[in-house]
Each structure stands twice: as C-alpha cells, then as structure tokens.
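The structure presented is a predicted model; accordingly, all values stated were derived computationally and were not measured.
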Amino acid sequence: MKTSRKKIWCIVGICILCAALIAGSIAYFGFILPKQKEHKEHMQQVQQYRDNKMAQYRAENEKYADYEVEVAFLGDSLTDLYDLSKYYPQYITSNRGIGGDTTFDLEGRLQTSVYDLKPQVVVMLIGANNADTMLDNYESILQGLQKNLPETEIVLLSMTAMGGEHWGPKNQQAAYNNVSIKLLAEKYGFTFVDLFTPLYDVSIGEVYEGYTVDGGHFTDKGYEVLTAQITPVLEELLGK
C-alpha cells in the first residue's frame, strides 16, 4: 500500500512539474520572448533616431559659421517637438532636442550638439525624463557650457508644470528642482526663465487644461506660453 501511494505521489509530482514546465514555456515563448524582441526593436529604433539626429547636427555644424546661429535650443522631446521656425521666425535657430533624453544623455552629446555649433545663445530645457536624478549632473552640464562656450549666452529654462497620471506626480519634484536650477543660474551668471508658474493651474494642482496632449508634451497653445516667456529674454540678449 505504501509503495502504491509513493508511486501515485511520484506520478502526481511529475505531472505537476510537467504542467509547470509547459506553463513556463507558454509564458516565455508566448509573452516574455515577444516582449523582449519588441523592446530590442524599440531600442534599435531609438538608437537609429539618435544616430540620425547626430548626423544632422554634424551637417549643420559644417553649414554654419561660428556664431551664425543666433539661438540653439537644447533638450529632450519638449525641444525636439518645438517648431522653432514657426515661433521664432525672426532668428536663425537650430533645434538640438532629442526625444527621450535625460540629463546624462544630453551631457554625452554636448560637443556635437552645441560646442561645435557655437551659437550666440543656448536655451536649455532638460530634466523631465529623470527628474529624480537630474541634479546629479546638471551642474556638470553648466560647467561644460561655461568652459566650452565662453562667448555664448546661456538661458536655463525651469522644468515645466505637468499633469495626468504619468507626468502629474512629477510636479513636486519639478518645483524643488527649479529652485536649484535658479540658484545654479545665479552661480554661473546664466539667465533663468520660469516656465512652471505660467503653466501651472493652482486650482487643479497641475498644468492648465489644453496646454498638453498627455500632461507632459505641449499643444500649440502650450508652446505659445513657452514662447511668450522666452522671446523677451532673447530680445534682450540679441538686441532684436
């Protein structure tokens, strides 16, 4: 009797193990492996996009003489999606924004993005993609700009107000970081522009409705607010 029970439990154990292996195989080949492949393809697309952007920058650097570009906008997707020819037709501009960039990504491409270009003014907006760690190397970026572009005016834009389930929780961190950005601007003699306040609706505790498409990325109305804050600074720095 005992032997029969052992055999039964052994068979049951083997069946459970086989079922687990089958379930694991289904999960791996049906869900995990496709997700890994999807992630790999996405990362390849991201890298290709960045490579194309950098190639574009190098070509533009060859095209323009030193200080021929009046304003270079430097940043992440908020800059990348900014239609500079529409909002700043009075200036020779260059868009040096790459969607998805963190402060660490940006620091790694400064040579091609702005050092080699040598614009008259650099306007920088960065930090939304790594708000919790951006201050770890933000000052290092400023030191690089000061050292490599001593004749260029540097304008630091605050982090923007945000909203929605994904971006909204970053508002508190953004407000905290903006204090540091302002203090660093004063330390290095750079110009600071507050974008957070004109975008922030105190009645709802996040960005004004209609200013963004997803709580973080701007609509035309949102970009109009940014432009209204930045234009007077450029007029003062460039004399027009």
Side-chain angles (χ1 to χ4, degrees), residues 50 53-54 57-58 60-61 64 66-80 82 84 88 91 93-162 170-199 216 226-227 229-238:
R50 290 180 62 82
K53 279 285 188 178
M54 298 305 288
Y57 297 164
R58 286 189 287 269
E60 287 183 357
N61 293 344
Y64 293 111
D66 291 354
Y67 305 108
E68 182 179 356
V69 171
E70 292 170 298
V71 192
F73 285 74
L74 182 64
D76 51 34
S77 58
L78 298 182
T79 298
D80 201 354
Y82 204 170
L84 301 182
Y88 302 96
Y91 299 120
T93 60
S94 181
N95 191 317
R96 299 301 169 100
I98 297 182
D101 261 11
T102 65
T103 54
F104 300 100
D105 296 319
L106 185 141
E107 185 175 19
R109 64 178 175 90
L110 287 174
Q111 185 69 50
T112 301
S113 294
V114 287
Y115 296 168
D116 293 341
L117 181 64
K118 291 184 174 62
Q120 295 179 38
V121 179
V122 167
V123 177
M124 186 172 76
L125 172 57
I126 192 69
N129 291 315
N130 66 314
D132 56 338
T133 61
M134 65 169 287
L135 295 178
D136 291 350
N137 76 317
Y138 193 89
E139 185 169 9
S140 178
I141 294 173
L142 304 190
Q143 291 169 344
L145 293 172
Q146 185 178 66
K147 177 181 177 181
N148 291 277
L149 296 173
E151 304 301 320
T152 298
E153 296 287 348
I154 308 297
V155 179
L156 305 182
L157 305 181
S158 76
M159 292 185 67
T160 63
M162 293 166 275
K170 296 187 179 186
N171 275 324
Q172 185 174 359
Q173 184 70 55
Y176 171 83
N177 290 353
N178 288 340
V179 174
S180 297
I181 295 173
K182 184 176 182 180
L183 291 174
L184 287 169
E186 294 172 356
K187 177 178 178 179
Y188 288 90
F190 297 159
T191 302
F192 173 79
V193 177
D194 175 20
L195 298 179
F196 189 93
T197 302
L199 292 168
L226 265 65
T227 304
Q229 302 304 309
I230 297 168
T231 298
V233 175
L234 297 181
E235 290 175 344
E236 182 178 350
L237 293 175
L238 295 169

Please check if any side-chain donor atom of [X] sits under 3.5 Å from a side-chain acceptor atom of [Y], or the reverse.
X      : Y      : result
Asn61  : Thr112 : no
Tyr82  : Thr227 : yes
Asp136 : Thr133 : no

Using side-chain hydrogen bond (donor to acceptor under 3.5 Å, both in side chains) as the criterion, list what pairs up with [X], not counting sequence neighbours.
X      : result
Asn95  : none
Glu107 : Asn137, Ser140
Tyr57  : none
Asn177 : Gln173

Between [atom1] of [X] and [atom2] of [Y], what distance do you get to the nearest 0.5 Å?
X      : Y      : atom1 : atom2 : result
Met54  : Arg96  : CE    : CZ    : 8.5 Å
Asn148 : Asp116 : CG    : CG    : 9.5 Å
Ile141 : Leu110 : CD1   : CG    : 6.0 Å
Thr197 : Leu199 : OG1   : CG    : 9.0 Å

Answer yes or no: is there a side-chain heavy-atom contact under 4.5 Å between [X] and [Y]?
X      : Y      : answer
Met124 : Ile154 : no
Lys170 : Met159 : no
Ile230 : Val155 : no
Val71  : Leu238 : yes
Tyr138 : Leu156 : yes
Asp80  : Lys53  : yes
Leu74  : Arg109 : yes

Practice prompt. Could you check Val121 against Leu234 for side-chain contact (heavy atoms from CB on, under 4.5 Å), going step by step and ending with a plain yes or no?
Written response: CA-CA 8 Å; Val121 179; Leu234 297 181; 4.0 Å; yes

Could you work out, with side-chain contact (heavy atoms from CB on, under 4.5 Å) as the rule, every residue matching [X], not counting sequence neighbours?
X      : answer
Asp66  : Lys118
Glu236 : none
Gln172 : none
Asp76  : Leu78, Asp101, Ile126, Ala128, Asn129

Worksheet item: Which heavy-atom pair separates Tyr67 from Pro119 by the least distance, and what is that distance?
Response: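 So the minimum-distance heavy-atom pair works out to CD2-O, 3.7 Å.
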
Worksheet, complete the sentence: What one should report as the nearest heavy-atom pair of Ala72 and Val114 is CB-CG1, 4.4 Å

Could you list the donor-acceptor pairs under 3.5 angstrom formed between side-chain atoms of residues 180-192 and any protein atom two or more places apart in sequence or on another chain?
unit_1	atom_1	unit_2	atom_2	d
Lys187	NZ	Glu139	OE2	2.6
Tyr188	OH	Glu139	OE2	2.6
Tyr188	OH	Gln143	NE2	3.1

Worksheet item: Can you tell me if Thr160 uses its side chain to pair, donor with acceptor, with the backbone of Leu195 under 3.5 Å?
Response: no

Worksheet item: Counting only N and O atoms by type, is there a donor-acceptor contact under 3.5 Å from the side chain of Glu70 to the main-chain atoms of Gln120?
Response: no

Fill in: Phe73 and Tyr91 aromatic centres sub-6.0 Å
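That pair fails the under 6.0 Å test.
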
Discussion item. I'd like to check the salt bridge (Lys or Arg N to Asp or Glu O under 4.0 Å) partners of Glu153; sequence neighbours left out, ordered by chain and number.
Written reply: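 Partners of Glu153 under the salt bridge (Lys or Arg N to Asp or Glu O under 4.0 Å) test: none.
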
